[in-house]
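See below for the structure under consideration.
FYI, the numbering just counts along the sequence from 1. Hydrogens, waters and symmetry mates play no part in the numbers below; they use all other heavy atoms, side chains included.
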Amino acid sequence: MPERGPAKQPTTELDARYSSALNPRPGAADVTATEWEEAQRKLGAAEIFWVSTVRPDGRLHVTPVIAAWHDGVLYFSTGPGEQKARNLARHRHCALTTGGNSLGEGLDLVVVGEAEPVADPAVLEQVIAAYEAKYGAHITSPEGTFHGIGDALRTGDAVLFAVVPDTAYGFGRHDGVYTHTRWVF
């Protein structure tokens, strides 16, 4: 289980190799790294993430999930028998990605770390509350796509995983200016 307390602040680096700094265009001279605070806002607001895990034979498994950014940790859930849960039981390293599909605007994010199952009931309740606040009727309404997820997490019919970032990446696009930011924790 991840250590609780204040979220660890990363070092922030602009990687000029993949930013407009090496491919000058109008506005590229002022390219700067994306601030971690902005990345956290985007992580908090993103509705869909893609989790990448490793199968026992080394092949990747990538699937969409809902997730909540809470106290510097990215949480997602799955059924205990699902492929991603079986993969994580053998190999905890994973990546969660989110972003947009536009070439001209947006910020794509990748969070890399180890997925640890959450066993602490107090943390579980905090994250269930974060899910409900973020996804609203999708979770709280009987007609919601994920209705009942809180109870499933409480009973063990679903597993909550916590990913404390080891490294994160941000790929920004704004009016043809591109940035590649790395955050190391």
Side-chain angles (χ1 to χ4, degrees), residues 1-10 12 34-55 61-100 107-170 183-185:
M1 182 60 213
E3 184 179 310
R4 304 294 290 166
K8 190 175 177 185
Q9 291 300 303
T12 301
T34 302
E35 295 296 326
W36 179 237
E37 290 74 23
E38 181 181 348
Q40 289 184 93
R41 281 192 297 277
K42 297 285 188 181
L43 289 170
E47 293 183 343
I48 299 293
F49 291 78
W50 293 84
V51 62
S52 300
T53 60
V54 180
R55 297 174 187 265
H61 178 259
V62 182
T63 188
V65 295
I66 61 172
W69 178 254
H70 180 70
D71 287 345
V73 179
L74 194 53
Y75 294 91
F76 71 95
S77 59
T78 187
E82 291 189 34
Q83 186 66 53
K84 57 191 159 296
R86 293 194 318 265
N87 294 346
L88 291 169
R90 295 176 52 95
H91 187 76
R92 296 267 179 232
H93 292 288
C94 68
L96 285 116
T97 60
T98 192
L107 178 64
D108 299 324
L109 296 164
V110 179
V111 174
V112 179
E114 291 191 9
E116 296 292 336
V118 174
D120 182 336
V123 173
L124 187 67
E125 290 302 325
Q126 290 175 9
V127 176
I128 291 169
Y131 266 34
E132 290 173 349
K134 179 176 185 176
Y135 292 101
H138 292 290
I139 291 177
T140 59
S141 169
E143 293 80 29
T145 305
F146 300 104
H147 183 260
I149 194 170
D151 288 337
L153 289 167
R154 289 180 189 102
T155 62
D157 291 334
V159 180
L160 182 67
F161 286 96
V163 179
V164 176
D166 292 332
T167 308
Y169 302 91
W183 299 281
V184 179
F185 296 82

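The shortest side-chain heavy-atom distance between Arg92 and Pro117 falls under the 4.5 Å cut-off. Residues Glu125 and Arg154 form a side-chain contact, since some pair of their non-hydrogen atoms from C-beta on lies under 4.5 Å apart. In this structure, Ile149 and His147 have side chains that are not in contact, with every pair of non-hydrogen atoms separated by 4.5 Å or more. The closest side-chain heavy-atom distance from Val54 to His93 is not below 4.5 Å. Contact of the Leu96 side chain with the Val163 side chain is registered, since non-hydrogen atoms from C-beta on lie closer than 4.5 Å. When side chains are defined from C-beta on, Tyr169 counts as touching Val112, because their heavy atoms get closer than 4.5 Å. Taking 4.5 Å as the limit, every side-chain heavy atom of Thr167 sits out of range of all side-chain heavy atoms of Trp183.
A distance of 9.5 Å separates CD1 in Ile128 from OG in Ser77, rounded to the nearest 0.5 Å. Once rounded to the nearest 0.5 Å, the distance linking CG of Leu107 with OG1 of Thr34 reads 5.0 Å. Rounding to the nearest 0.5 Å places CD of Glu47 at 10.0 Å from CD1 of Ile66. Rounded to the nearest 0.5 Å, atoms OG1 (Thr98) and CG (Leu74) are 9.0 Å apart. Note that CD of Gln9 is 8.5 Å distant from CH2 of Trp36, once rounded to the nearest 0.5 Å.
The residue from Val118, Val127, Val159, Leu124 that alone fulfils the side chain to side chain contact (heavy atoms under 4.5 Å, CB included) condition with Leu153 is Leu124. The side chain to side chain contact (heavy atoms under 4.5 Å, CB included) test with Val65 is passed by exactly one of Trp50, Tyr75, Phe49: Phe49.
Looking only at atom types and distance, the side chain of Lys84 has a donor-acceptor partner in the side chain of Thr78 under 3.5 Å away.
For Thr145, there are no side-chain hydrogen bond (donor to acceptor under 3.5 Å, both in side chains) partners two or more places apart in sequence or in a different chain. Phe161 is linked by a ring pair (Phe, Tyr, Trp, His ring centres under 6.0 Å) to Phe76, counting only residues two or more places apart in sequence or in another chain. Applying the side-chain hydrogen bond (donor to acceptor under 3.5 Å, both in side chains) criterion to Arg86, with sequence neighbours excluded, gives Gln83.
When all heavy atoms of Ala115 and Cys94 are compared, the pair lying nearest together is CB-SG, 3.9 Å. Among all heavy-atom pairs drawn from Pro165 and Gly72, the shortest one is CD-O, 3.5 Å. Shown here for Gly99 and Asp108, the closest heavy-atom pair between the two residues is CA-OD1, 3.2 Å.
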Set out, in order, the CA-CA distance, both residues' side-chain angles and the distance that settles side chain to side chain contact (heavy atoms under 4.5 Å, CB included) for Arg55 and Thr53, then state yes or no. CA-CA 7 Å; Arg55 297 174 187 265; Thr53 60; 6.0 Å; no
For Leu109 and Thr97: C-alpha separation, side-chain torsions, deciding distance, then whether side chain to side chain contact (heavy atoms under 4.5 Å, CB included) applies. CA-CA 6 Å; Leu109 296 164; Thr97 60; over 6 Å; no
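With hydrogens and angles disregarded, no donor-acceptor distance shorter than 3.5 Å links the side chain of Asp166 to the backbone of Val184. Distance alone, capped at 3.5 Å, is enough to place a donor-acceptor pair between the Glu82 side chain and the Gly79 backbone. The main-chain N or O of Ala46 is found under 3.5 Å from a side-chain atom of Lys134 such that the two form a donor-acceptor pair.
Counting heavy-atom neighbours within 6.0 Å of Lys42 NZ, excluding the residue itself, gives a total of 12 or less.
Classification of the Tyr135-Tyr131 ring pair by plane angle, with boundaries at 30° and 60°, yields perpendicular.
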